[in-house]
Number of protein chains: 2
Amino acid sequence: MTASPPDDRSLPLRERKRLRTRRALADAALRMFGEKGFDATTLDELVQEVEVSKSTFFRAFPAKEAVAIEAETEVWTAYLALLGERELSGLVITQLRDCLADAVTRLDPAWDDRYVATRRLILTAPALLAYVDSYRTGVEDEAVSCLAGKLGLDADDLRIHVLAQLTTTCWSVSARAWVRGDAAGGRAALLARLDQAYRSIPASLELTVKGPPR
Amino acid sequence: MTASPPDDRSLPLRERKRLRTRRALADAALRMFGEKGFDATTLDELVQEVEVSKSTFFRAFPAKEAVAIEAETEVWTAYLALLGERELSGLVITQLRDCLADAVTRLDPAWDDRYVATRRLILTAPALLAYVDSYRTGVEDEAVSCLAGKLGLDADDLRIHVLAQLTTTCWSVSARAWVRGDAAGGRAALLARLDQAYRSIPASLELTVKGPPR
DNA sequence: GTAGATAATGACACTGAGTCTCGTTTGAGC
DNA sequence: GCTCAAACGAGACTCAGTGTCATTATCTAC
């Protein structure tokens, strides 16, 4: 269920402990929320299970919701990092697609299972759904700033907003379908769905009502 | 600042009182949040000002955030209602644009000022921003269901998700610019911006990086 | 009008997330 | 080892949001 503990000896001990606590919290949260439900599990129960104080929890995560969606944030953190480094050329939407695909490819091998568990959880808790929504808006805003800088455009330029949102929309629909099918086909299947989603964007704009609806 | 009180004698007295309380809460909230700040104003202060109990508040609004964004919900409630009634024909994205434009046109004359105040408020309170984000996602989901039904498509069809999101994105960018310019030009200027936003969607997909960025 | 059904209200206790303060511990650097 | 800074634990506190129940006000039928 969890990624291997942080044994990276290059990191200072203090940092390693911090990460270990963070992982322990995320793992316990995913398990306990899955068993008892997100709302029914209190933070006190969670921190008691992991044997840390509530203070420590809030130093590691900004909110109860955040600890439940680690798998989601990992994707977008990687995506934004790649987008920041990347030298853009050609169609911007293609570049965004590639950043997202690269981000997914580089994720920890254990990510798949955690992501499925996370998405399942989100379906059961409205608070989590709302949290993910606003989190993604934050990602879109960062992507917009980044693109505005790289392209020398105004941050209000509608075009980059549209592109940033299309990216999260494609992810949203693709990932939902992938999780619903129990992540069958693994990471490759997810990437295939994602690619297919991007390819069907142009058809969206041309969607037309044929005859009378019924 | 506020719309005229509900004098519609056709409504039963009980309903009229309910609406009057609702209005009073929304008006006081917009004023108090604007003066003291959203976070610094407690619900107890608000309900004391309007002379109702906290119970009554939560019967009228699902959350503290909701009372602050009435002007935003009015737009989308009208939009979804129009979309539900409408007999669709031709380009779907055009139909959505028309629904939104019609919704804006039919709003209360006092809406402009309330909306400007609301958007200004949102910029100062992260909690409000998050609330609006998830609210809009809810609107998008309803629009998707509606479209899926009317078009006989699967609710997972990416195309209708894209269209529903493009609508809220166009609104978002247009309204932000309109408010930043102090709503100059009134409702007509907002509609013009909205139309311009829709027209620039196709160019988004073709956005290309020319030479090296710098 | 009056009576009884019904719905909204107010008061109050309670839960739990999130903040803040402060004294203690622990790893980092010399 | 010793010192400094950072992370930690403990606990008090604020406030949004929920649930219960008695009270009040409106609606409906007569």
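Every chain is numbered from 1, with letters handed out A, B, ... down the list of sequences.
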Side chain to side chain, A/D112 and A/W178, heavy atoms closer than 4.5 Å: yes
Mind checking whether B/Y115 and B/W111 have parallel, tilted or perpendicular rings, split at 30° and 60°? parallel
For a quick test of reading the model, state the closest non-hydrogen atom pair linking B/A177 to B/R193 and the distance between them. CB-NH1, 3.4 Å
Within the supplied structure, the quantity of interest is the number of heavy atoms (other residues, nucleotides, ligands) at a distance under 6.0 Å from B/E51 CD; does it exceed 12? no
If you count heavy atoms of other groups shown closer than 6.0 angstrom to CZ of A/R18, is the number above 12? no
So do B/D156 and A/R180 actually touch side chain to side chain, heavy atoms under 4.5 Å? yes
To the nearest 0.5 Å, atom CG of B/L166 lies from atom CD of B/E140 at 9.5 Å
What are the residues of residues 121-134 of chain A, sorted by number, that bring a heavy atom to within less than 4.0 Å of DNA chain C? none
What I'd like to find out is whether the side chain of A/V75 reaches to under 4.5 Å of the side chain of A/L100, using heavy atoms alone. yes
B/S53 side chain N/O closer than 4.0 Å to the phosphate oxygens (OP1, OP2) of C/dT9? no
Using whole Å, report how far CZ of A/R22 lies from P of D/dA7. 13 Å
If we only count heavy atoms from C-beta on, is the A/D182 to A/V116 side-chain gap below 4.5 Å? no
Would you say the side chain of B/L207 lies within less than 4.5 Å of the side chain of A/I93, judging by non-hydrogen atoms? no
How close or far is atom P of D/dA7 from atom CZ of A/R20, stated in whole angstroms? 16 Å
DNA chain C contacts made by residues 39-47 of chain A, counting heavy atoms under 4.0 Å: A/T41, A/T42, A/L43
Angle, rounded to 10°, between the helical axes spanning five pairs at each terminus of the helix from C/dG1-D/dC30 to C/dC30-D/dG1? 30°
Return the value, rounded to whole Å, for the distance between atom CG of A/L25 and atom P of D/dG9. 10 Å
Determine, for A/K64 against A/D39, whether the closest basic-nitrogen to carboxylate-oxygen distance falls under 4.0 angstrom. no
Nearest atoms (heavy-atom pairs only) where A/A68 meets A/L121: CB-CD2, 4.2 Å
The reported gap from CG in A/L128 to OG in B/S134 (rounded to nearest 0.5 angstrom) is 12.0 Å
Residues touching DNA chain D, which here means a heavy atom under 4.0 Å, drawn from residues 60-72 of chain B: B/A63, B/K64, B/E65
Heavy-atom nearest pair, B/R187 first then B/T105, reads NH1-O, 4.0 Å
With 3.5 Å as the limit, what N/O pairs link the protein to nucleotides 28-30 of chain D?
none

Tell me: CZ of B/F58 to C1' of C/dG10, nearest whole Å? 15 Å
Just checking A/Q48: does its CD atom have more than 12 heavy atoms from other residues, nucleotides or ligands closer to it than 6.0 angstrom? no
Sorted by position of nearest nucleotide on DNA chain D, 5' first, the leading residue of A/K54 and A/F57 is A/F57
Interatomic spacing from CD in B/E35 to CG in B/L30 - rounded to 0.5 Å: 10.5 Å
Once each nucleotide of nucleotides 21-30 of chain C is scored for protein heavy atoms under 4.0 Å, what B/S/- sequence comes out, 5' to 3'? -----BBS--
Mind checking the CZ-CD spacing from B/R22 to B/E15? Nearest 0.5 Å is all I need. 10.5 Å
Salt bridge between B/R23 and B/E70, side-chain N to carboxylate O under 4.0 Å? no
